[in-house]
Number of protein chains: 2
Amino acid sequence: MSKGSIKTKQKILDSATELFLKKGVDRVGVREIAAKAGINLSLMNYYFQTKEKLFETIFDMLVKDKAEHLRDILESNLPIEEKISDYIDSYIDILIDKPILVSFVMSVIHRNPEKLKTMGSVLALYNSEKFCNHINIEAQAGRVRSVNPEQLYVSIISLILFPFAIKELIADRNKFTPKEYDDFVITRKTHITDMVLSYLKV
Amino acid sequence: MSKGSIKTKQKILDSATELFLKKGVDRVGVREIAAKAGINLSLMNYYFQTKEKLFETIFDMLVKDKAEHLRDILESNLPIEEKISDYIDSYIDILIDKPILVSFVMSVIHRNPEKLKTMGSVLALYNSEKFCNHINIEAQAGRVRSVNPEQLYVSIISLILFPFAIKELIADRNKFTPKEYDDFVITRKTHITDMVLSYLKV
DNA sequence: GTCTATATGGCGATAGAC
DNA sequence: GTCTATCGCCATATAGAC
């Protein structure tokens with residue numbers, strides 16, 4: 001039954017992924033994707049119906065295992081300092097590999113806010129519950145400063161994610177080469193960790 | 001010569017501003033703007049040529065005086081702690097008033113990165129030079145911890161801006177009503193200030 | 001499964017009459 | 001200045017041949 005089907009489907013996914021990552025979702029047309037995949041536009045419609053569904057499929061693939069890894073860290077039994085440090089390091093490593101994931105997430109948020117509830121991958125990227133519980137426990141035990149844990153969680157992901165959302169602006173204003181920008185972001189790992197942990201210190 | 005011209009131009013600007021702020025640039029069509037302004041689509045083009053130029057005009061108007069106010073704070077002679085606190089408070093007040101400014105900036109960044117150099121208003125929103133100088137002076141005098149000032153500046157604007165960029169996600173995951181979201185953001189003023197100042201403390 | 005061909009409808013932009 | 005009419009591009013959808 002499905003002869004070239006699997007390969008064709010994969011070819012479409014590969015081409016679209018490459019284009020989405022390189023140019024951003026809004027700047028890629030369906031015709032361009034079909035051309036790159038070497039197939040007809042109608043065939044793309046046969047497999048994915050709409051560009052939006054194709055995007056969601058790709059987005060889920062790109063994000064799923066990354067999100068699980070991040071969730072595992074937050075749900076682990078590591079001491080709070082180590083947990084925060086690992087989380088920051090891993091998150092930044094993921095984004096250095098695929099910087100455009102941030103703008104993917106934000107395009108989903110702004111394109112279709114109602115869709116949020118059905119897109120598990122996006123929700124996995126904002127996953128504060130276990131973290132907040134842990135912070136509360138530590139605070140009650142007097143091992144960290146007593147803080148609003150949700151605020152802290154939002155602050156941590158802001159410190160990690162936002163520089164990738166305004167990458168071009170930062171690079172432009174500091175006259176960074178691509179390598180210098182990467183160095184800047186890598187340096188952020190310790191910067192962010194230092195900032196958060198010094199804030200939590202009792 | 002310019003009979004109804006000024007009024008017409010203003011009517012277009014008013015209509016477009018309202019729609020852009022309410023729905024976001026990408027979700028507003030030129031026909032919708034023209035209809036709301038009660039004029040013909042071509043007339044809009046006569047005054048503003050393209051939707052992009054119309055947007056840039058409005059963006060500059062919305063941002064200019066706000067950006068100047070923020071710059072004034074950074075260039076003031078306030079003690080560093082007060083300067084940071086004022087900056088955070090003012091920036092968040094601006095964004096509570098017009099939350100969509102953040103997504104405006106980011107749409108400019110992603111739509112046309114090359115345009116960045118010519119859009120003075122955007123550049124004014126990332127304006128680290130004076131701040132970095134001040135931090136360096138304080139650090140050398142031993143009044144604050146010795147830090148990478150550019151990293152710190154990026155961190156401060158990340159803490160301020162990012163929650164507005166993912167407003168819908170935060171509201172959804174915490175089941176915030178609009179008022180609860182505003183409260184959350186107002187609470188951030190002291191949260192962010194505490195975090196930054198505790199980090200800087202020697 | 002894969003193709004050609006075509007239709008619909010939205011969009012930004014423009015030509016040209018008045 | 002202001003309009004009508006239209007162009008060209010796009011995403012989406014469908015019919016129908018192979």
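Naming convention: chains lettered A, B, ... in sequence-line order (proteins, then strands); numbering from 1 in each chain. Side chains included, hydrogens not; waters and symmetry mates left out as well; all remaining heavy atoms used.
To the nearest angstrom, P of C/dG12 lies 11 Å from CZ of B/Arg111. Look at CE on A/Met44: it is 7 Å from P on D/dT12, rounded to the nearest Å. Here D/dC10 presents its C1' atom at 14 Å from CG of A/Asn45, a figure rounded to the nearest Å. One can place CG of A/Leu19 at 12 Å from P of D/dA11, the figure rounded to the nearest angstrom. Put simply, CD1 on B/Ile12 is 11 Å from C1' on D/dG1, counting in whole angstrom units. The CD atom of A/Glu52 sits 15 Å away from the C1' atom of D/dC10 (whole-angstrom rounding). What separates CD of B/Gln49 from P of C/dA15 is a distance of 13 Å, to the nearest Å. If you take CZ of A/Phe48 and P of C/dG1, they are 12 Å apart, rounded to a whole angstrom.
Of the candidates D/dT12, C/dG12, C/dT2, C/dG12 carries the atom nearest the B/Val30 side chain, counting heavy atoms from C-beta on. With C/dG12, D/dC3, D/dG1 as the candidates, the nucleotide lying closest to the side chain of B/Tyr46 is D/dG1.
Without hydrogens or angle criteria, A/Lys51 side chain to A/Val25 main chain gives a donor-acceptor distance under 3.5 Å.
Looking only at atom types and distance, the side chain of B/Asn136 has no donor-acceptor partner in the side chain of B/Gln140 under 3.5 Å away. Judged by distance alone, the side chains of B/Ser103 and A/His110 never bring a donor and an acceptor atom under 3.5 Å apart. Under the 3.5 Å distance criterion, with hydrogens and angles disregarded, no donor-acceptor pair is assigned to the side chains of B/Glu129 and B/Asn133.
Taking 4.0 angstrom as the limit, B/Thr8 places none of its side-chain polar atoms (N or O) nearer than this to OP1 or OP2 of D/dG1.
With sequence neighbours excluded, the residues forming a side-chain contact (heavy atoms from CB on, under 4.5 Å) with A/Ser128 are A/Tyr126, A/Cys132, A/Glu150, A/Tyr153, listed by chain and number.
A/Phe104 has its side chain out of reach of A/Lys98: every pair of non-hydrogen atoms, C-beta onward, lies at least 4.5 Å apart.
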### Query
Should B/Asp26 and B/Arg111 be marked as a salt bridge (charged side-chain N to carboxylate O under 4.0 Å, His left out) after you check the CA-CA gap, both sets of side-chain angles, and the distance that decides it?
CA-CA 11 Å; B/Asp26 295 323; B/Arg111 235 206 294 272; 2.8 Å; yes

Taking N or O atoms only and anything under 3.5 Å, show me the protein contacts with nucleotides 4-7 of chain D, one pair per line.
from, atom 1, to, atom 2, distance (Å)
D/dT4, OP2, B/Asn40, ND2, 3.1
D/dT4, O4, B/Ser42, OG, 2.5

